[in-house]
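Each chain gets a letter, A, B and so on, in the order its sequence line appears, and its residues count up from 1.
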2 protein chains.
Amino acid sequence: MANDTRERIIEACERVIAQGGLRGFRMGDVAREAGVSIGLLSYHFGDRDGLLEAALDHVNESAARRARAGGGSAAGNRPGTGSAVAAEPAGLTGPAERLAALLCSEFGDDPQVRAGSTAWNELRAAAVFDPDRAVAVARATADWQREVRRLLGEAAPHTDPDAAALILTALVEGLSGRWLTGQLTAAEAQRTIVVALRPLVGAGGRPRRS
Amino acid sequence: MANDTRERIIEACERVIAQGGLRGFRMGDVAREAGVSIGLLSYHFGDRDGLLEAALDHVNESAARRARAGGGSAAGNRPGTGSAVAAEPAGLTGPAERLAALLCSEFGDDPQVRAGSTAWNELRAAAVFDPDRAVAVARATADWQREVRRLLGEAAPHTDPDAAALILTALVEGLSGRWLTGQLTAAEAQRTIVVALRPLVGAGGRPRRS
DNA sequence: CCGTATCCTGAAAATAGTTTCAGTTCTGGA
DNA sequence: TCCAGAACTGAAACTATTTTCAGGATACGG
């Protein structure tokens with residue numbers, strides 16, 4: 001079916017973006033990556049802008065979905081084993097762990113995680129110059145931040161959750177930049193988040209069950 | 001002298017980058033902005049890449065210089081008046097104030113401050129795909145972070161200065177993204193930094209003299 | 001003044017990338 | 001099996017951008 005192909009093309013876009021940035025986004029590259037002819041891109045998406053828009057919408061949706069899903073399930077990343085956050089079978093631990101997992105899910109050595117973060121990073125950078133993209137980014141960011149605030153409300157009742165959620169999510173974005181530019185490893189970034197989280201969530205605590 | 005012209009061209013580059021991003025960096029635009037012919041760009045800088053490199057080096061240097069200078073002097077921005085950080089005549093207050101000023105100097109409604117942050121933001125985004133730029137960015141970032149750590153050592157002797165410096169600088173970068181995409185005003189960003197700083201520097205404290 | 005070295009111009013050539021389109025293949029229903 | 005329409009191809013036309021280059025202006029030492 002043709003939808004498979006559209007899907008495949010959009011995924012190819014993400015890979016191309018993750019590899020060369022929005023700057024290196026060439027229709028020829030996308031076509032090659034997707035294994036289709038260049039004409040098909042216009043056939044399905046109208047023009048370059050349409051294709052790019054579809055791809056970025058997809059990136060945005062992925063980011064939003066990840067926020068909703070928390071750090072759990074498939075591509076989830078857990079902060080360094082041995083830290084305060086232990087491995088768990090299904091996604092059903094306390095809010096503090098889920099919060100840490102959510103924040104740490106941005107980082108990981110899995111190429112797909114990196115590709116996703118890279119694409120999202122590019123989208124964010126592009127949003128500076130494009131109001132339409134800015135509102136899409138803002139929406140996804142707000143969803144994520146809201147989820148963080150919710151978990152924070154449960155895990156750290158003595159903190160101002162709004163301020164803390166803003167600080168934590170902005171911190172993750174900053175660390176993400178460091179990670180993607182090779183200034184930090186994924187593990188270091190995750191460890192940093194855990195350190196930042198500690199004073200909020202209660203020092204060395206044992207936060208089990210809700 | 002020809003150096004004036006080179007200078008003028010590089011400044012034009014920065015303006016073009018700040019306005020349309022690295023993606024919108026066209027030699028024609030630069031030439032128009034600088035008020036010179038397009039051929040002159042090649043004459044002075046070889047080719048597009050040479051021009052871009054010179055421009056980004058300049059951005060990088062500006063960032064590094066700002067880090068060294070602290071938030072003081074010319075383009076300095078102070079977090080919202082009425083906050084913990086009071087106005088001061090010359091740049092000679094305690095380390096806590098200087099730290100806040102340094103971190104807040106990234107934000108401001110002055111078009112030049114915004115242009116600088118925007119250009120730096122673009123450079124950072126480009127560094128994800130370009131190892132050479134990545135090392136330049138890493139160097140400037142490390143300088144800045146080191147300065148933050150130094151001030152932190154004076155202002156907050158009871159905190160791990162390395163961890164805190166990383167967290168604060170990454171936070172500023174994350175907030176910078178929010179600001180540039182319109183998710184936050186400069187004042188809100190600065191206020192957030194002050195909030196994040198408070199628990200480190202001593203609650204409601206009176207941090208006078210070393 | 002003259003010569004010449006440097007700075008500078010802008011149109012033309014080259015290059016890179018996108019869009020169109022005439023035509024081919026595939027799919028599913030009659 | 002045949003047809004119609006959707007999916008798809010790829011080369012040619014087009015557009016955008018960079019690079020080159022022949023030469024014009026300007027500065028300056030002799």
Distance (rounded to the nearest 0.5 Å) between Thr118(A) OG1 and Leu22(A) CG: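 Between atom OG1 of Thr118(A) and atom CG of Leu22(A) there are 12.0 Å.
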CG-CH2 distance between Asp109(A) and Trp179(A), expressed to the nearest 0.5 angstrom: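 With rounding to 0.5 Å, CG (Asp109(A)) is 7.5 Å from CH2 (Trp179(A)).
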Which of these nucleotides, [options], is closest to any side-chain atom of [X]?
X        : options                  : value
Ile38(A) : dT19(D), dT9(D), dA11(D) : dA11(D)
Asp47(A) : dT18(D), dC8(C), dT19(C) : dT19(C)
Arg26(A) : dT6(C), dT18(C), dT19(D) : dT18(C)
Arg48(B) : dC8(C), dT19(C), dT18(D) : dT18(D)
Ser37(B) : dT18(C), dA7(D), dC8(C)  : dC8(C)

Under 4.0 Å from OP1 or OP2 of [N]: is there any side-chain N or O of [X] that close?
X        : N      : answer
Tyr43(B) : dC7(C) : yes
Thr5(A)  : dC8(D) : yes
His44(B) : dC8(C) : yes

Along DNA chain C (nearest heavy atom to each residue), the more 5'-positioned of Asp49(A) and Gly39(B):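 Checking each residue's closest nucleotide, the 5'-ward one belongs to Gly39(B).
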For the pair made of [atom1] in [X] and [atom2] in [N], what is the distance, rounded to whole Å?
X        : N       : atom1 : atom2 : result
Leu40(B) : dA11(C) : CG    : P     : 16 Å
Leu51(B) : dT19(D) : CG    : C1'   : 13 Å
Arg6(B)  : dC8(C)  : CZ    : P     : 11 Å
Arg8(A)  : dA7(D)  : CZ    : P     : 14 Å
Asp29(B) : dA16(D) : CG    : P     : 13 Å
Leu41(B) : dT20(D) : CG    : P     : 13 Å
Arg32(A) : dG10(D) : CZ    : C1'   : 14 Å

Sugar-phosphate, base or nothing in reach of Phe45(A), heavy atoms under 4.0 Å: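 It contacts nothing in the nucleic acid.
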Single hit among Val172(B), Leu175(B), Val194(B) for side-chain contact (heavy atoms from CB on, under 4.5 Å) with Leu103(B):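 Going through Val172(B), Leu175(B), Val194(B) one by one, the side-chain contact (heavy atoms from CB on, under 4.5 Å) with Leu103(B) is satisfied by Val172(B) alone.
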Contact check, side chains of Phe107(A) and Thr185(A), non-hydrogen atoms, under 4.5 Å: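 Answer no - side chains too far apart.
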Any side-chain donor near an acceptor of the partner, Thr169(A) and Arg178(B), under 3.5 Å: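 Looking only at side-chain atoms, Arg178(B) and Thr169(A) do form a donor-acceptor pair, the distance falling under 3.5 Å.
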